[in-house]
A.B. asks: 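Mind having a look at this structure? Questions to follow.
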Amino acid sequence: MILQALAFYVFAFVVMASAAMVVVSRNPVYSVLFLILAFFNAAALFVLIGAEFIAMILIIVYVGAVAVLFLFVVMMLDINLTALREGFLKYLPIGTIIGVILFFEILLGLGVIGSNQSTLAALGKAGPQVLPIDNTRAIGRVLYTQYFYLFQVAGVVLLVAMIGAIVLTLRSRPGVRRQRISEQLYRPKSDAVTVVKVPTRGGV
Amino acid sequence: MADLINFFTHHWLGQAIVILAECLAVTIPLLVAVAYMTYADRKIWASIQLRRGPNVVGPFGLLQPMADGLKLLLKETIVPSSANGVLFIIAPMIAFMTALIAWAVVPFDNGWVIADINVGILYLFAISSLGVYGVIIAGWASNSKYAFLGALRSAAQMVSYEVSIGFVLITVLLCVGSLNLTKVVLAQSGWFWSWFWLPLLPMFVIFFVSALAETNRTPFDLPMSEAELVQGFQTEYSSMPFALFFLGEYANMILLSALGSVLFLGGWMSPVPYAPFTLIPGVIWFALKIAFLLFVFSWTKGTLPRYRYDQLMRLGWKVFLPVSLGWVVLTAAVLQFGGWVPKL
């Protein structure tokens, strides 16, 4: 258990520190890299409580796909570092208010304050439970039965977003020469190659 | 003696020592394999081009990888003055580390695995998707046009081909009913035609081609195409950082070959499930299968010309993605209606 406890504190500390660095660091590329580090350590925390499926999905989806695109965009931008710092104090009060509200919402949700006192006690007992089935299967069983419609709706929402993005960027420009692979493949040899019998010293 | 066993199985320090020893037992043979993979690669290309290849250092040139390693070690590590120093050094470390940590879940024989986790396939998929960071950070931190272009190409390419690898993994796990790599191998027991390469042949081909693209090998080596981009994202690297990229690339190739043999070639299983063949240890069969796939890697590099970038994207998104998606649906339908759904 000592190893687990040690691992927990290391991961938890790195999550907090890197999350703070996402906001604080001056260079946006560093911010994205710290965000990736935070995702990674959050995944490690999921592993520690025995939710290995969610941990892996977190890495595959957020670290492997979303953050790569973030990094891509941020690296392509020509960023003026001093301009980014301007207005930091102007937005500080509103940011603080939002942060405080979110913090109290978490406390409410956990049941530290408010009427629902029992949740925190239940959370304290939660640890790696010995389930009869592994949690990939457990998630699959509820996701595709009980929450089937919600799952489908989530898929449709993502599809709409994707189509929206495609519609916004798709434009047909005149005069663009497209490669048509099938036409190229069906082109007969007689169109493509001419065999010329060149007489010696005569030239073509 | 009993005390000693108890120490290693129950005490936390003993467990940590055991884990460390297991990691070394995988990493050291892997690094030797990487060194000799570079040698084998050069020999195979040489044979394809009717040359001799490395044959001077040691008998048959067998010490050539050691000499190369020593040379790289003794060179000066140059950090370009306008590069981002920290990230410039971290990038090759990430590239090398991600290639190593994936080996934690690869089963070398029945029970020969460091971490026999339930989500082995997902773990490998997650780690292989991290490989892109080494490349992209290197490209950005180098502060050079060639490196940046190479990194962008590489990132786009890896993200594209990962999608089809994901669908390939889904078809396999549909047939197995588990994400555990040991169970994936056990599900393929029997003669060599009951391994998944035959029933899922199109997926095996897609997996192999995507593996070539993931590791930036010919015909998909656009990120470091010498003729256009000098050496792509590695342009500014020298000495040990370069060596780490190089080793990471080869370790990744070996990893994807290992994954290919676990998923499609029956892992440690012998091709004939009878006495003289089953007596050979599983780890040797596994190594042979990896060696076979690695040979095909070198063979392709020695044979094929490079893809054009738009053709590469077309292949990934317009050919592999629909085909693998369709094959997932087909596999699911065949399993469901043929009554072959794996018992849970």
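In what follows, chains are A, B, ... by sequence order, proteins preceding strands, each numbered from 1.
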A.B. asks: Just wondering, more than 12 heavy atoms not from B/Tyr146 lying within 6.0 Å of its OH?
C.D. replies: no
A.B. asks: Measure A/Leu33 against the heavy atoms of chain B and call it side chain, backbone, both or neither at under 4.5 Å.
C.D. replies: side chain
A.B. asks: Among residues 311-320 of chain B, which residues come closer than 4.5 Å to chain A, judged by heavy atom distances?
C.D. replies: B/Gln311, B/Arg314
A.B. asks: With A/Thr136 as reference, evaluate B/Leu173, B/Leu179, B/Asn180 under the side-chain contact (heavy atoms from CB on, under 4.5 Å) test and give the passing residue.
C.D. replies: B/Leu179
A.B. asks: Should the heavy atoms of other residues, nucleotides or ligands under 6.0 Å from OH of A/Tyr30 be counted, would the total exceed 12?
C.D. replies: yes
A.B. asks: Can you tell me which portion of B/Leu87 sits under 4.5 Å from chain A's heavy atoms? Options are side chain, backbone, both or neither.
C.D. replies: side chain
A.B. asks: Non-hydrogen atoms of chain B under 4.5 Å away: do they reach the side chain of A/Leu69, the backbone, both or neither?
C.D. replies: neither
A.B. asks: If you count heavy-atom pairs under 4.5 Å between each of A/Leu71, A/Val68, A/Leu58, A/Val61 and chain B, which one has the most?
C.D. replies: A/Val68
A.B. asks: Nearest heavy-atom pair of A/Met75 and B/Ile136: which atoms, and what distance?
C.D. replies: CE-O, 3.7 Å
A.B. asks: Which answer fits B/Leu122, side chain, backbone, both or neither, if we ask what part of it has an atom under 4.5 Å from a heavy atom of chain A?
C.D. replies: both
A.B. asks: Looking at every non-hydrogen atom in both residues, tell me the closest pair between B/Ala126 and A/Ile59 and how far apart they are.
C.D. replies: CB-CG2, 3.6 Å
A.B. asks: More than 12 heavy atoms of other residues, nucleotides or ligands under 6.0 Å from CG of A/Leu92: yes or no?
C.D. replies: yes
A.B. asks: Is any side-chain heavy atom of A/Phe40 less than 4.5 Å from a side-chain heavy atom of B/Leu130?
C.D. replies: yes
A.B. asks: From B/Asn118 CG over to A/Glu52 CD, what is the distance, rounded to the nearest 0.5 angstrom?
C.D. replies: 5.0 Å
A.B. asks: Please round to the nearest 0.5 Å and tell me the distance separating atom CD1 of B/Ile137 and atom CD1 of A/Ile36.
C.D. replies: 6.5 Å
A.B. asks: So, taking the atom named CG in B/Leu124 and the one named CE in A/Met56, what distance separates them when rounded to the nearest 0.5 Å?
C.D. replies: 9.5 Å
A.B. asks: Using non-hydrogen atoms only, which part of A/Ala67 is less than 4.5 Å away from chain B: side chain, backbone, both, or neither?
C.D. replies: both
A.B. asks: At their closest point, which heavy atom of A/Gly64 faces which heavy atom of B/Ser129, and how far apart are they?
C.D. replies: CA-OG, 3.6 Å
A.B. asks: Has B/Tyr133 got a side-chain atom pairing as donor or acceptor with A/Val63's backbone, closer than 3.5 angstrom?
C.D. replies: yes
A.B. asks: Step through the shown structure and confirm whether more than 12 heavy atoms of other residues, nucleotides or ligands are within 6.0 Å of CZ on A/Phe53.
C.D. replies: yes
A.B. asks: Can you tell me which portion of B/Asn84 sits under 4.5 Å from chain A's heavy atoms? Options are side chain, backbone, both or neither.
C.D. replies: side chain
A.B. asks: Does atom CZ (B/Phe88) have a neighbourhood of more than 12 heavy atoms from anything else shown, all under 6.0 Å?
C.D. replies: yes
